Amino acid sequence: MTDLRAIVQKASKAGLALPAFNIPYLPMLEPVVRAVVDQNSFALIETARLEWLKFEAGGPEAVAREFFRWQDAEHVRLHLDHVPVIDEDDQRVDYLAVIEQAIGLGYHSVMVDGSRLALDENIAATRQVAELAHRAGLPCEAELGAVLGHEAGPLPPYDELFASGKGFTKVDEAHRFVAESGCDWLSVAIGNIHGAISGGYRDQKKIAARLDLQHLERLFQASGVPLVLHGGSGIPGEYVLASFKKGITKINIGTEIRQAYESVLKSSGKISTAQDAVYERTCWLVGEYFGLKNTSVLLA
Ligand SMILES: [Zn+2]
């Protein structure tokens, strides 16, 4: 099985990206895998702590069990998304325990999110997790800057947020962060936002976020590692495609397939019909939106 770190490096050099699909409900996993295989693409299946706390993913073990039922190493790998050091509700998390559990379960890569910490603390926490992951032969993703949206309540007006560059990952910090933490992939804030997950907001249509592509280029140069775009749903296609050429090698997709599943489940009452909707949407994302059909041969 080709090493995931090598696959991501290869994709980065080729200006391609790996979509990473979040799984908040277990029945979504099979149609996502099938869509990626049918598009002959290469993607990550991922789950974040909030998806088993605030949705119905069950836990890292339940997602791993479902993944290994449907896995196809030529097309999909399993990633542990956001394990925050401090979570969206400002609670401290025993992040090392969750990461260790995922490594034991056979996850192929992990993410620690220390982005709510001060820079030095984020570096220290990330270094701990990177060492743990590297001992198991796995790549480690980290986050620097504020990708907002998971917190409760409404976001500040998006245009103001974008114009001010508030929360954007800083170029000098990105350089130091990667050098000192040893992380393999870096999630950056360049205008992207997470889909809302708090009760009253999670069904809302996501804002069409823009990306500061010049800033992205500078971050890629300074950090020297493949960059990750969180909050990939709802970003206009021209920004997404341009970002793949300027350093983004992994793009996280949550809201777009979650809302497809939830809305069809609600209207039809049938899990299988909702799974069909997830399959269709994933095929469209991979093939049409990201232009990543037939990329598995380049990567595997
Ligand atoms: Zn994220």
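All ligand and atom numbering here is 1-based and tracks the order in the structure. Residues: numbered from 1 along the sequence shown. Fair warning: this is a prediction, and the values are worked out from it, not measured in the lab.
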Item to complete: Can you see which heavy atom on A174 is nearest to which on T169, and at what distance?
Response: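 Smallest interatomic distance, heavy atoms only, reads CB-CG2, 4.3 Å.
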
In a table with atom names and distances, give each donor-acceptor pair under 3.5 Å that connects a side chain of residues 234-243 to protein atoms at least two apart or in another chain.
| residue | atom | partner | partner atom | Å |
| --- | --- | --- | --- | --- |
| S243 | OG | V240 | O | 2.6 |

Discussion item. Do D38 and V286 make a side-chain contact, defined as non-hydrogen atoms from C-beta onward lying under 4.5 Å apart?
Written reply: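 A side-chain contact is absent here, since even the closest heavy-atom pair is not under 4.5 Å.
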
Discussion item. Checking E46 now: which residues fulfil salt bridge (charged side-chain N to carboxylate O under 4.0 Å, His left out) with it, not counting sequence neighbours?
Written reply: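 Once residues adjacent in sequence are excluded, the partners of E46 under the salt bridge (charged side-chain N to carboxylate O under 4.0 Å, His left out) criterion are K250.
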
Item to complete: Run through the protein N/O/S atoms less than 2.8 Å from the Zn ion (ligand 1) and write them out by chain and number.
Response: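 You should have found H82 NE2, H194 NE2, H230 ND1.
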
Worksheet item: Is N192 reaching over with its side chain to a backbone N or O of V188, donor-acceptor style, under 3.5 angstrom?
Response: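 At least one qualifying donor-acceptor pair exists.
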
Worksheet entry | For H230, ring-ring contact (aromatic ring centres under 6.0 Å, His included) partners two or more places apart |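 For H230, the residues satisfying ring-ring contact (aromatic ring centres under 6.0 Å, His included) (neighbours in sequence not counted) are H82, H194.
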
